[in-house]
Amino acid sequence: MQTLTTDPITGKRNLSRPLVMALVWSHLVFFSIMGLRTWGQLQWLEMLVYDVMMMLSLESEEPDPRITMLWYTDDDIQKLGWPLSDKYLADVYEKLLEQKPRVVGMDMFRDMPVASKDGVDHFPRLENIFKTNRNIIAITRVAQGSGPRVAPPVILEGTDQVGFNDVLPDAGIIRRSLLFMQDENNFYESFSWIIALRYLEPMKIFPQAADPDRPELMTLGKSTFFPLDSNEGGYVGLDSGGYQYMLNFPKAPAPFNSLTLTQLLNGEFDPALIRDKVIVFGFQAESIKDFFYTPYSRWSETEQRVPGAAVHAHAVSQILHMALDGTPLRQSPSESADHIWIWFWCVAGGLACLWRKPVWAFFLIVLGVAVVIGGGSYFAFVEYWWIPVVPPLIGWVVSSGLSEQSIAQYEALESLRRENHLKSQYNKQLEIQVAERTKELNEALIQVEDQNRELNRMNGFIRKTFGRYLSDDIVHQILDAPEGIQIGGERRELTILMADIRGFSAISERVPPETVVAMINVFLEKMTAIILEYEGTIDEILGDALLLIFGAPIKHDDDPERAVACAIAMQRAIPEVNSILKGKGFPEIAIGVGINTGEVIVGNIGSQQRTKYGIVGPNVNLTARIESYTVGGQILISPNTAAACSPHLKVGRQLEVRPKGIKEPITISEVIGIGGKYDISMPPQADVEWHTLSQNVIVRFSLLSGKHASDDVVEGKLIKMSETAAQLEVNQSLESLTNLKMLSYTRKDNEIPLDVYAKVIEMVSEEPPLAQVDFTSIPPEAEPYLDQLYQA
């Protein structure tokens, strides 16, 4: 079998264009069909096919032995009159009830008395029959759009012996029926439904909910009922109000055993036709015109119509077959499944054209698949599935036809292209030479582009790597300057900032290493953003501490002020950091910040194999000493920094300290805020509320050297406490900013371990020696004891 997919120049198969053409046409056809279907333009065709399949699937059946029709014929009208008087109607019911039918359904309106010719009022007798025989079912017409409402017999109004006989014709043809419907005030059950339930009642068969999650599903005996959807099968936008379902019709207009009123009243019948049967009493008279068309009617030779009572009898028979025999209700796939079914055949029709030679075979395939679509839908219909036929059939035929035509035109264009190709053979050598030269130039260009990409990649990598530690301006200056990567340094006056998490060593001893790393990462994430905002350079990340420089590699005239403003911003951000830590279940933190301004060596320090941009010099050590004097939430600066920030600087307490390695004492200042263009202040401090302890509390502590506790244990007496500080009476004077580790406290002869870190802020008095200390690290297990002391 030949294909149309050979390229005339390369000789290779090429399916792309025909495939795209086939798919485009397939989807255009699909969307067109879906548009027509949505607008209801295909519904009449689908209903026509439905009637054909219904007629083909119907088989001649024996009469349903459970149902007998009692006909009020034209002959009966001649003999008994119209309407049937109360006397005759009472006689009919008495004759029927003598034979003990299971249910009697009267498909005749009887909303008022009808006098008899003998002058006797037989209406009380008729009412008594209705009242005393629950198996008599009368009709009413709810008449939602089909005429005025007709009431049932007065004696049966509001009882369970009344059902509506409204029908749902589709352009005059009955295809569906109702179980229930309702309006704003009332709920109604259909005539056929009540008859069927009354017949099944002695068998203890009652309707039940099928699925708690799907209240619309209902089981009755061996089958499940489900309501008709507005787009069920071939319907589009159907008014599916109430509880509708599709009816099944046998071939005969009324395939039930029957007798007439005259035969009944004259006793000319077999009692077996009535005993324990469903009796449906209605008209079969041309003068009454109570007839309807069914799917079978349009295909019968005389277009036979079905009496209205027979329509209800069909519905009763179908319900009984479902409940007792397990006959399923006709259903359709979901709307999405219908769409996929139609789409599949549209696409299949387009793709079939990719193998279209010989043409006669292609047409046989189109015809054969069309038969398969129709036949498959019919066999599904026989199995009580209603699958749309018209849309997929149109989609298959039209899609294959349009695709075949478009691909034929494509082949013609390909043939013309082949001819042009043969005419241009004499230019082939020149084209080859041009192609070779172009290839060489392209290869050279590719090499240049590859080199440029590699350079850009490396440049981007370097900038990205440096960007994690430095601002963009600093990275640009280092990379753009020729001397930026040379080993060596220079003397420069810088402002150095060191920030450290207070008491973090104690926290690290209490939590897992993974938590320590996670806490530091949260802290550094926020701090790094602030540092870059103030154009600082991160020289080192020392575990829980940061070493920053301001003035290198880019120098600003206001580097000291910039450093102080950055430190204040860092302190102001700590509550946000603690909020994140608290949300993760981690301990809260506080930082101390020390700042110093002085001359250092700054530059690329290291070797050709490993280089670090950083600073060295005594002023770095001095910054670390100043930072060690801080408590959580405090910023201390050196005299040089204070002088450089004047007059915008706002300071609080000033302390004279003698840092290790410094010959003369210096005065360090606590930062409150800085004005000028930064205009930023430390968060306001709450007033300290001191509580004087009513009992003596003996405290044991040791002095810290760096972060290590000495062996000497010192005792003191706890005098006053606040939430974050305490006053201790000690036996010796302590230097300001001395770090302490409280080991335990004794109260009421009970010694309680404490393990709390604190810093001496000042000596409140020398005689007796009274020191004020701030708590720098309180483990969770110590908090209840301190709270107990504070509240006492």
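Residue indices begin at 1 and follow the sequence shown. Note that the structure is predicted; figures quoted are calculated from it, not measured.
The minimum heavy-atom distance between L497 and M570, with the atom names listed, is CD2-SD, 4.4 Å. Between Y678 and Y534 the shortest heavy-atom distance is CD2-CE2, 3.9 Å. What you find for S638 and I626 is that their closest heavy atoms are CB-CD1, 3.5 Å. Counting all heavy atoms, side chain and backbone alike, I568 lies closest to G673 at CD1-CA, 3.7 Å. The shortest non-hydrogen separation linking A590 to G632 is CB-CA, 3.7 Å. Nearest heavy-atom pair, A567 versus V593, reported as atom, atom and distance to 0.1 Å: CB-CG1, 3.7 Å.
Rounded to the nearest 0.5 Å, atoms CD1 (I672) and OG (S681) are 8.5 Å apart. A distance of 4.0 Å separates CD in Q654 from OG in S669, rounded to the nearest 0.5 Å. Summarising the geometry, atom OG1 belonging to T630 is positioned 9.5 Å from atom CD1 belonging to I635; distances are rounded to the nearest 0.5 Å. The line from CZ of F523 to CG of L546 is 5.0 Å long, rounded to the nearest 0.5 Å. With values rounded to the nearest 0.5 angstrom, I637 atom CD1 is found 6.5 Å from I595 atom CD1. The structure places CE of M527 at 12.0 Å from CG of L532, a figure rounded to the nearest 0.5 Å.
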**Report entry** Chi angles and distances behind the side chain to side chain contact (heavy atoms under 4.5 Å, CB included) call for V602, E490
**Finding:** CA-CA 6 Å; V602 60; E490 61 173 323; 4.1 Å; yes
Requested in this report: Walk me through it: do I554 and H556 pass the test side chain to side chain contact (heavy atoms under 4.5 Å, CB included)?
Outcome: CA-CA 7 Å; I554 297 178; H556 300 86; 3.7 Å; yes
Query raised in the report: Hey, mind stepping through L547 and I496 against side chain to side chain contact (heavy atoms under 4.5 Å, CB included) and telling me if it holds?
Result: CA-CA 7 Å; L547 179 61; I496 309 159; 3.6 Å; yes
**Report entry** Worked check of side chain to side chain contact (heavy atoms under 4.5 Å, CB included) between Q634 and R653
**Finding:** CA-CA 11 Å; Q634 189 178 44; R653 290 184 300 174; 3.6 Å; yes
Requested in this report: Quick one: do N640 and T597 satisfy side chain to side chain donor-acceptor pair (under 3.5 Å)? Show the steps, please.
Outcome: CA-CA 6 Å; N640 289 346; T597 302; over 6 Å; no
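Residues M498 and L542 are in side-chain contact: their nearest non-hydrogen atoms beyond the backbone lie under 4.5 Å apart. Side-chain contact between L636 and V671: absent, with no pair of heavy atoms (C-beta onward) separated by less than 4.5 Å. Two residues are said to be in side-chain contact when any heavy atoms from C-beta on lie closer than 4.5 Å; Y629 and L655 fail this criterion. In this structure the side chain of I549 never reaches within 4.5 angstrom of the side chain of T495, judged on heavy atoms. With a 4.5 Å cut-off on side-chain heavy atoms, F504 and M519 count as touching. In this structure, the side chains of P587 and L581 stay at 4.5 Å or more apart for every pair of heavy atoms. In this structure, the side chains of V657 and I666 come closer than 4.5 Å at one or more pairs of heavy atoms. Considering only heavy atoms from C-beta on, L622 comes within 4.5 Å of P659 through its side chain.
Side chain of D679 to backbone of G676: no donor-acceptor contact under 3.5 angstrom is found. Side-chain N or O atoms of N619 include one that pairs as donor or acceptor with a backbone N or O of E599 at under 3.5 Å. In terms of modelled atom types and a separation under 3.5 Å, the side chain of R658 and the main chain of E664 share no donor-acceptor contact. One N or O on the side chain of T528 and one on the backbone of L524 form a donor-acceptor pair closer than 3.5 Å. The backbone N or O of A552 sits less than 3.5 Å from a side-chain atom of T537, completing a donor-acceptor pair.
A tilted orientation is assigned to the rings of H27 and F31, their planes being inclined by 30° to 60°.
The stretch residues 564-593 participates, sequence neighbours left out, in these side chain to side chain donor-acceptor pair (under 3.5 Å) pairs: K526-E576.
Between the side chains of E656 and T667, no donor-acceptor pair is found at a separation under 3.5 Å.
More than 12 non-hydrogen atoms from other residues, nucleotides or ligands lie less than 6.0 angstrom from CG of N442.
Salt-bridge check for R502 with E627: passed, with a basic side-chain N closer than 4.0 Å to an acidic carboxylate O.
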